[in-house]
Amino acid sequence: MRVDGFSDIEQVGSGGLGDVYRAVRSSTGTVVAIKALRSTGSLDARLRRANRELTALASLRGHPNVINLEEVVQTRDDELVLVMEFSPGGSLEDRAAAAGGMLPLNEVIVVAQHAASALVAAHEAGIVHRDIKPQNLLAGSFGQVKVCDFGIASIASSDDFSTKTNAVSYRYASPEELRGDAVVTAATDVYSLAVSLAKLLTNRYFTHETAVHLLDPVATPGTDGDRPSDAEQELRALLVRCLKHRAAARPTAAEFSAAVDELAAGLGDDRLTALERVELPTSSAPTGLTPSSTADRSRSRSTLVLWAVAIGLWLAVAVLAAIYLTGSDSADASDGRAVRPAVAVSSSLA
């Protein structure tokens with residue numbers, strides 16, 4: 001991919017309908033994410049998906065738990081791509097995999113709080129994400145969880161984006177999505193978030209049919225062993241409520257958020273407010289310099305060194321000349337001739 005104004009573009013992720021690239025903005029040296037729709041299907045379908053995500057992200061711009069949209073640019077191949085903030089911590093799917101498949105309870109609660117906050121804002125704006133899963137929950141630079149990929153979101157204020165879609169992740173999809181209901185509500189996001197959190201907590205997938213096993217510590221032990229703590233059992237019971245078959249029986253995102261906040265407060269000093277901070281990779285030019293500007297700076301340093309050497313030689317010649325001429329002038333003075341000022345030598349050399 002080639003996008004004017006960006007360098008070091010490399011693919012870091014891939015989904016069913018698009019690819020994500022890591023890039024460096026040439027003007028500032030900051031690292032960004034560029035999302036491009038894969039060139040499959042009709043151009044109209046790709047533009048609709050891009051416009052859908054653009055509309056959703058613009059409505060939620062500035063929310064701390066929603067990936068921030070920076071701009072929309074056109075590639076040299078006349079494709080529109082979305083430029084977004086880059087989350088160096090990767091997805092929660094990757095984070096869990098690196099930890100052996102499961103995250104500790106306090107981290108899962110942080111994920112629940114941050115993701116629920118994003119969903120509350122989205123639902124208040126009339127937006128249903130429809131694809132909540134660990135791969136679409138990212139770890140930001142300062143430990144915040146950010147929801148991304150609103151490409152199949154349902155937007156109530158737009159007739160163009162309120163129709164159902166078949167581009168769902170089946171393991172995290174709600175019963176109404178799998179049935180192909182014409183209209184999905186905010187309750188589908190609550191269901192998918194519950195499946196995601198249960199997966200992060202136990203490394204297993206659950207549905208409304210198997211949700212009861214979440215309450216069985218023998219069947220699904222947590223990271224602390226065969227007997228989950230009281231706080232973990234409380235979280236599991238909350239997730240079971242979110243996995244109800246009937247959408248109306250599930251708590252709203254706001255109700256879920258309040259319940260998780262109450263659970264987190266009960267943990268006291270053991271509660272985390274953010275995931276462990278993730279530092280930017282060393283290859284991402286954290287000093288604000290792009291590779292090209294780094295090379296320019298190296299060339300500048302070389303030039304300064306050469307100038308320093310030249311000035312040093314010049315000063316040495318000037319000093320030696322001054323000493324020599326001073327000695328000559330002393331001899332001349334004894335003969336009655338005028339003394340020439342040494343500065344004249346420096347001036348002539350300059």
Side-chain angles (χ1 to χ4, degrees), residues 6 8-15 18-25 28-36 53 56-57 60-70 82-119 121-122 129 131-151 169 172 189 192-193 195-203 223 235 257 260 264 270-288:
F6 299 88
D8 295 346
I9 301 176
E10 58 177 332
Q11 185 172 340
V12 294
S14 179
D19 300 309
V20 178
Y21 299 82
R22 177 188 175 280
V24 175
R25 188 185 292 276
T28 62
T30 55
V31 180
V32 299
I34 296 179
K35 182 173 182 178
E53 183 156 19
L57 289 177
L60 299 173
R61 180 177 173 80
H63 193 284
N65 301 119
V66 176
I67 204 74
N68 191 52
L69 174 69
E70 296 188 1
L82 305 180
V83 179
M84 300 175 288
E85 66 173 306
F86 180 73
S87 293
S91 72
L92 270 295
E93 173 81 3
D94 296 335
R95 190 181 183 95
M102 295 179 285
L103 295 180
L105 174 65
N106 50 11
E107 287 201 1
V108 175
I109 290 178
V110 170
V111 176
Q113 287 182 292
H114 292 190
S117 176
L119 290 182
H129 188 283
D131 198 21
I132 294 294
K133 56 186 177 181
Q135 293 93 325
N136 288 339
L137 303 176
L138 306 180
S141 301
F142 298 95
Q144 71 277 52
V145 176
K146 291 178 174 284
V147 177
C148 70
D149 199 351
F150 285 79
S169 301
Y172 300 94
D189 284 345
S192 298
L193 178 58
V195 179
S196 301
L197 295 172
K199 175 64 167 59
L200 295 175
L201 191 65
T202 68
N203 198 24
T223 55
L235 175 60
S257 179
V260 173
D270 294 333
R271 179 173 66 94
L272 289 178
T273 58
L275 299 177
E276 181 182 353
R277 180 171 176 174
V278 179
E279 298 292 341
L280 287 171
T282 55
S283 60
S284 60
T287 58

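Residue numbers count from 1 along this sequence.
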Are the side chains of M84 and L57 in contact, using a 4.5 Å heavy-atom criterion? yes
Any salt bridge linking K35 with D149? Criterion: basic side-chain nitrogen under 4.0 Å from a carboxylate oxygen. yes
Mind checking the [atom1]-[atom2] spacing from [X] to [Y]? Nearest 0.5 Å is all I need.
X	Y	atom1	atom2	value
F86	I67	CZ	CD1	9.5 Å
L138	L92	CG	CG	8.0 Å
Q11	R22	CD	CZ	14.0 Å
N65	C148	CG	SG	12.5 Å
H114	T273	NE2	OG1	7.0 Å

Which residues pass the salt bridge (charged side-chain N to carboxylate O under 4.0 Å, His left out) test with K146, sequence neighbours left out? E85
Which residues share a salt bridge (charged side-chain N to carboxylate O under 4.0 Å, His left out) with E70, sequence neighbours left out: R25
With H129, which residues qualify under ring-ring contact (aromatic ring centres under 6.0 Å, His included), at least two apart? F150
Looking at P88 and G140, what are the two nearest heavy atoms and their distance? CD-C, 4.3 Å
Could you tell me which non-hydrogen atom of Y172 sits nearest to which non-hydrogen atom of V195, and how far apart they are? CD2-CG1, 3.5 Å
If the condition is side chain to side chain contact (heavy atoms under 4.5 Å, CB included), which residues does [X] pass it with, not counting sequence neighbours?
X	value
V108	L103, L197, L200, L201, L235
A121	L60, H63
N106	P104, L272

Donor + acceptor pair across side chains of S192, D189 (<3.5 Å): no
Quick one: does Q135's side chain have a donor or acceptor within less than 3.5 Å of a partner on K133's backbone? no
Is the backbone N or O of N136 less than 3.5 Å from a side-chain atom of D131, with the two atoms forming a donor-acceptor pair by type? no
